[in-house]
Amino acid sequence: MLDMNTIRTQPDRVRAAIVAKKAKADLDAVLAADEKWRKATTDAQKLQAEQNAANKDMGRLMKEDKPAAEKLKIAMKELSDRRKALEDEAKKLEADRDALLMYIPNIPHPDVPVGDEETHNKVVRSSGEPKKYPFKPLAHWDLGPKLNITEFERAAKISGSGFVMFRGLGAKLQRALVAWFIDTHVKEHGYTEIYPPVLVLRDAMVGTGQLPKFEEEMYKLRDEELYLIPTAEVPVTNMYRDEILTAEMLPMRHCAFSQCFRREAGAAGKDTRGMIRVHQFDKVEMVNWTHPDKSYEEHENLTRAAETLLERLGLPWRRVFIATAGMGFSNSKQYDLEVHAPGVDRWLEVSSCSNFEDYQARRANIRFRDKDGKVRFVHTLNGSGLALPRIVIGILENFQEADGSVVIPEVLRPFMGVDRFVPEKK
RNA sequence: GGAUGGUUGGCGGAGAUGGAUUAACGCACCUGUCUCGAAAACAGGAGCCCUCCAAGAGGGGGACGAAGGUUCGAAUCCUUCACCAUCCUCCA
C-alpha cells in the first residue's frame with residue numbers, strides 16, 4: 001500500500017497515478033476518511049491523557065483515602081466511557097480509511113509510458129524474429145501427442161480441464177528446464193536457491209497482496225486456513241516479513257522453483273486448449289530486496305537474468321515496457337518478456353518483471369537499518385525466471401522440423417541426454 | 001489426533017498476588033572521557049508506531065502473538081483464535 005503521508009502531502013501525484021493506471025480508487029474518500037480519523041484519534045488521545053494523569057493518583061488514594069478514591073472512580077468511569085466511545089469510532093474510521101487505501105495503486109515511475117496497453121506498450125529490446133516455415137507449423141497441442149510427450153486427455157480425466165500431464169521425455173523436459181534455470185541464476189546471477197512450501201497461511205497471502213482482493217483466484221484447503229500459492233513470490237517474499245534486515249544483507253537475491261496454483265476464475269473459457277493457461281504449472285521465480293536507491297538498477301539486472309535464459313534457449317523474444325494502464329496494481333515499473341510461438345502464432349508472456357519500490361515492503365513490513373541507524377522500508381522486486389509451460393510451448397513450436405521432430409536446445413541436452421524429440425511411429 | 005509449556009523492543013531475557021514497570025537487566029548500537037588510533041574501562045544517551053504543534057534534541061498517545069472482555073486502571077485476570085516448542089500417537 002501507499003504511505004498515507006504521501007497521499008496527504010502529494011494528492012495530485014496519487015490522483016494522476018490512479019487515472020494513468022485506470023484504477024478504481026476514490027482518493028477523495030480516502031482523504032476525507034483520514035481527516036475524520038485523525039480528528040477522532042486526537043480527541044480520544046486527549047481524554048486518555050486526562051485519564052492517565054488521574055490514574056496516577058488512584059493507586060495512592062486507594063490506600064490513603066478510600067472515600068476520595070471512590071469519588072474519583074465515579075468521575076473516571078464517565079470519562080472512560082466517553083474515551084472508549086471515541087476510540088471505537090476512531091477504530092472504525094481507520095478501518096474504513098484502510099479499506100479504501102487498499103484500492104490506491106502504486107505510483108508509476110516517471111519513465112513509464114502513459115496510456116493504454118495496445119497503443120503505448122513499447123518493445124524496448126528483442127532478439128530473433130518470428131520464425132518462417134516452408135510448412136505450416138503445428139501448435140503444441142498437436143505436437144505433444146505426436147511426440148507422445150503430453151497427456152492432455154488423461155490429465156482432464158484425473159483432474160478436470162485446465163491441467164497438463166507430461167510423459168517420458170516431456171516429463172524430463174520439465175526437470176531439465178527447472179534445473180538449468182536455477183543453476184544459471186545461482187552460478188551466474190548471484191541468486192540463492194530457495195525451496196519453499198506451496199501451502200501457506202492466510203497472513204502470507206495478505207502480506208504479498210493476493211488476499212483479500214483475489215480470494216476467488218486462490219485455491220484454499222477446506223479444513224484448514226491454508227492456501228495453495230499462485231507463485232513462489234508468496235512464500236519467498238514473506239520470508240522476511242516483519243523483520244528488520246541489516247544494510248549489509250542488501251541486495252538479496254533469491255530464486256525458487258515451485259508449482260503454482262491458480263483457479264483462473266475470471267478467465268474461464270479463455271485459452272482452453274493446450275497449456276497456455278492452466279490451473280497448475282511450474283515456475284522459477286526471482287525475488288529481490290534492495291536498498292531504495294538501487295532498485296531500478298536491480299530491476300534491469302533481474303530482467304536481464306530472465307532474458308539471458310531466453311537467449312540461450314534460442315527462442316525469439318522481446319521485452320515489452322508496459323504502459324501505465326497495463327501495469328500491475330502494486331508495481332511502479334514493469335517489463336514483460338514475451339516469446340513468439342509460431343504454432344499458435346502469438347506472443348506469449350513468459351515473464352513479468354516488476355519493481356514494487358516500498359509498496360509491498362510497507363504492507364509486509366520488511367525493513368532495514370541504514371547506515372545512520374534509521375529504520376526504512378526496503379524495495380522489493382520480482383520476476384519469473386521463467387514460467388515453464390509457455391517455455392515448453394515455445395520450444396516445441398519454434399524448433400519443430402519438417403519431419404515432425406523437435407530439436408532440443410543445446411543448453412538442455414546435458415540434462416536431457418538426447419538432442420531431439422522424435423514422433424512415435426504408430 | 002492427544003498432552004503440556006510458550007509467544008515481551010535489533011537479539012537475549014525479567015516481569016506470582018492488576019496501580020513507582022516510567023517494559024527491569026544484559027548484549028549490540030550512538031556520544032563523550034582515556035588513547036597516536038583502537039580495544040577495555042568509566043560516564044551519558046538513544047529504539048518502534050501514530051498523532052498534535054508555536055516545527056524545537058517540543059507535547060501527547062500507543063505497542064508485550066491477534067481480536068474481544070472485566071476494571072477508574074491490564075504485559076499481568078477472563079474468552080476466542082493464530083503460531084511456536086517438547087513429548088506421545090501416526091506417517092513418506
Side-chain angles (χ1 to χ4, degrees), chain A residues 1-9 30-99 101 195-207 211-212 220-227 234-235 238-250 252 289 291 358 361-378:
Chain A
M1 66 186 111
L2 273 191
D3 184 6
M4 195 55 226
N5 217 27
T6 305
I7 297 177
R8 282 201 284 256
T9 54
V30 173
L31 288 168
D34 181 56
E35 191 67 41
K36 275 200 252 174
W37 168 74
R38 283 195 292 170
K39 174 81 174 71
T41 302
T42 29
D43 289 351
Q45 283 179 359
K46 274 181 200 146
L47 291 185
Q48 181 73 63
E50 213 177 304
Q51 201 183 340
N52 285 349
N55 278 336
K56 247 180 192 163
D57 299 329
M58 184 63 90
R60 187 173 43 80
L61 282 176
M62 285 299 282
K63 285 188 200 120
E64 295 169 7
D65 191 350
K66 225 35 191 293
E70 289 302 327
K71 233 175 107 191
L72 183 58
K73 221 188 236 187
I74 292 163
M76 281 301 104
K77 173 70 177 155
E78 190 268 339
L79 182 71
S80 170
D81 287 345
R82 261 200 301 149
R83 194 205 78 224
K84 275 179 191 162
L86 263 173
E87 274 175 4
D88 286 348
E89 194 194 327
K91 207 174 284 178
K92 196 193 157 293
L93 288 168
E94 188 179 21
D96 290 351
R97 183 197 70 180
D98 288 349
L101 191 56
Y195 188 91
V198 296
L199 283 171
V200 299
L201 295 165
R202 187 164 223 287
D203 284 349
M205 295 288 264
V206 172
L211 296 180
K220 177 180 186 304
L221 297 202
R222 194 187 58 199
D223 297 325
E224 281 183 84
E225 200 67 7
L226 286 171
Y227 295 80
V234 176
N238 274 283
M239 284 173 73
Y240 302 100
R241 180 159 49 101
D242 295 320
E243 290 194 31
I244 296 179
L245 312 170
T246 61
E248 297 77 57
M249 291 167 82
L250 304 176
M252 274 199 302
W289 297 258
H291 187 284
D358 63 5
R362 179 170 294 107
R363 189 183 173 111
N365 197 28
I366 307 169
R367 297 174 293 173
F368 77 106
R369 200 176 291 281
D370 73 10
K371 294 278 186 280
D372 312 324
K374 261 190 72 86
V375 175
R376 304 172 62 186
F377 289 110
V378 300

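Each chain gets a letter, A, B and so on, in the order its sequence line appears, and its residues count up from 1.
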Worksheet item: Counting only N and O atoms by type, is there a donor-acceptor contact under 3.5 Å from the side chain of A:Arg362 to the main-chain atoms of A:Met1?
Response: yes

Practice prompt. To the nearest Å, give me how far apart CZ (A:Arg362) and C1' (B:C49) are.
Written response: 13 Å

Worksheet item: C1' atom, B:C90 versus B:C29: distance in rounded Å?
Response: 49 Å

Fill in: Length of the line joining A:Asp242:CG and B:C11:C1', which is rounded to integer Å
16 Å

Worksheet item: Does the distance from a Lys or Arg side-chain N to an Asp or Glu carboxylate O, for A:Asp81 and A:Lys77, drop under 4.0 Å?
Response: yes

Worksheet entry | Span that lies between the C1' atom of B:A38 and that of B:G32, in whole angstrom | 16 Å

Item to complete: Sticking with atom C1', work out how far B:A75 lies from B:G19, rounded to a whole angstrom.
Response: 14 Å

Worksheet item: Any Lys/Arg nitrogen of A:Lys39 or A:Asp43 sitting under 4.0 Å from an Asp/Glu carboxylate oxygen of the other?
Response: yes

Worksheet entry | Between B:G44 and B:C49 - C1' atom distance, rounded Å | 27 Å

Worksheet item: Can you tell me how far C1' of B:U51 sits from CD of A:Glu87, to the nearest Å?
Response: 13 Å

Response to the item:
Atom CG of A:Asp98 and atom C1' of B:C50 are separated, to the nearest Å, by 12 Å

Response to the item:
Pairs under 3.5 Å (Watson-Crick or G-U), crossing ones as [ ], inter-strand ones as |: RNA chain B comes out as ((((((((.[[[..)...(.....]]].(((((.......)))))..(((((.....)))))..[[[[[..)....]]]]])))))))....

Discussion item. Measure CZ/A:Phe368 against C1'/B:C29 and give the value in whole Å, please.
Written reply: 17 Å

Fill in: Integer angstrom distance from the P of B:C84 to that of B:G26
33 Å

Item to complete: Could you classify B:G10 for me, syn or anti, using a glycosidic angle within 90° of 0 as syn?
Response: anti

Worksheet item: What does nucleotides 68-83 of chain B look like as a protein-contact string, B for base, S for sugar-phosphate only, - for none, at under 4.0 angstrom between heavy atoms?
Response: S--BBS---------S

Item to complete: Please state the C1' separation for the pair B:U76 and B:A63 - nearest whole angstrom.
Response: 16 Å

Discussion item. What is the separation between atom CZ on A:Arg97 and atom C1' on B:C50, rounded to the nearest whole Å?
Written reply: 9 Å

Worksheet item: Is the number of heavy atoms from other residues, nucleotides or ligands under 6.0 Å of A:Glu35 CD greater than 12?
Response: no

What does the list of N/O pairs under 3.5 Å between the protein and nucleotides 52-60 of chain B look like, with a distance for each?
unit_1: B:C52; atom_1: OP1; unit_2: A:Arg38; atom_2: NH1; d: 3.1
unit_1: B:G60; atom_1: N2; unit_2: A:Gln45; atom_2: OE1; d: 3.0
unit_1: B:G60; atom_1: N2; unit_2: A:Gln45; atom_2: NE2; d: 3.2

Worksheet item: Looking only at heavy atoms, what is the nearest atom pair of A:Arg363 and A:Gly207, with distance?
Response: CD-O, 3.8 Å

Discussion item. Can you measure A:Ile244 atom CD1 to B:C49 atom C1' for me and round it to whole angstrom units?
Written reply: 11 Å

Fill in: Gap between atoms CD and P, on A:Glu248 and B:C29 respectively (whole Å)
12 Å

Fill in: Shortest non-hydrogen contact between A:Val30 and A:Met4, atoms and distance
CG1-CE, 3.8 Å

Worksheet item: Can you tell which of A:Leu211, A:Val234, A:Leu201, A:Leu221 makes a side-chain contact (heavy atoms from CB on, under 4.5 Å) with A:Tyr227?
Response: A:Leu211

Discussion item. Using a 3.5 Å distance criterion without hydrogens, assess whether the side chain of A:Asn365 forms a donor-acceptor pair with backbone atoms of A:Arg241.
Written reply: no

Fill in: NZ/NE/NH1/NH2 to OD/OE distance under 4.0 Å, A:Lys46 and A:Glu50
no

Discussion item. Under the criterion side-chain contact (heavy atoms from CB on, under 4.5 Å), I'd like the reasoning laid out for A:Leu245 against A:Tyr240: C-alpha separation, chi angles, the key distance, then a yes or no.
Written reply: CA-CA 8 Å; A:Leu245 312 170; A:Tyr240 302 100; 3.7 Å; yes

Worksheet item: Taking atom C1' in both B:G13 and B:C72, what distance in whole Å separates the two?
Response: 32 Å

Discussion item. So that I can tick it off, tell me whether A:Lys374 and A:Asp370 are bridged by a salt bridge, with the cut-off set at under 4.0 angstrom between side-chain N and carboxylate O.
Written reply: no

Worksheet item: Closest nucleotide of RNA chain B for A:Arg369 versus for A:Trp37: which of these residues is on the 5' side?
Response: A:Arg369

Worksheet item: Would a 4.5 Å heavy-atom cut-off, applied to side chains only, mark A:Lys220 and A:Leu226 as touching?
Response: no

Worksheet item: Which value, in whole Å, describes the distance between the P atoms of nucleotides B:A43 and B:C53?
Response: 42 Å

Fill in: A:Arg83/A:Glu87 ion pair, N-O < 4.0 Å
yes

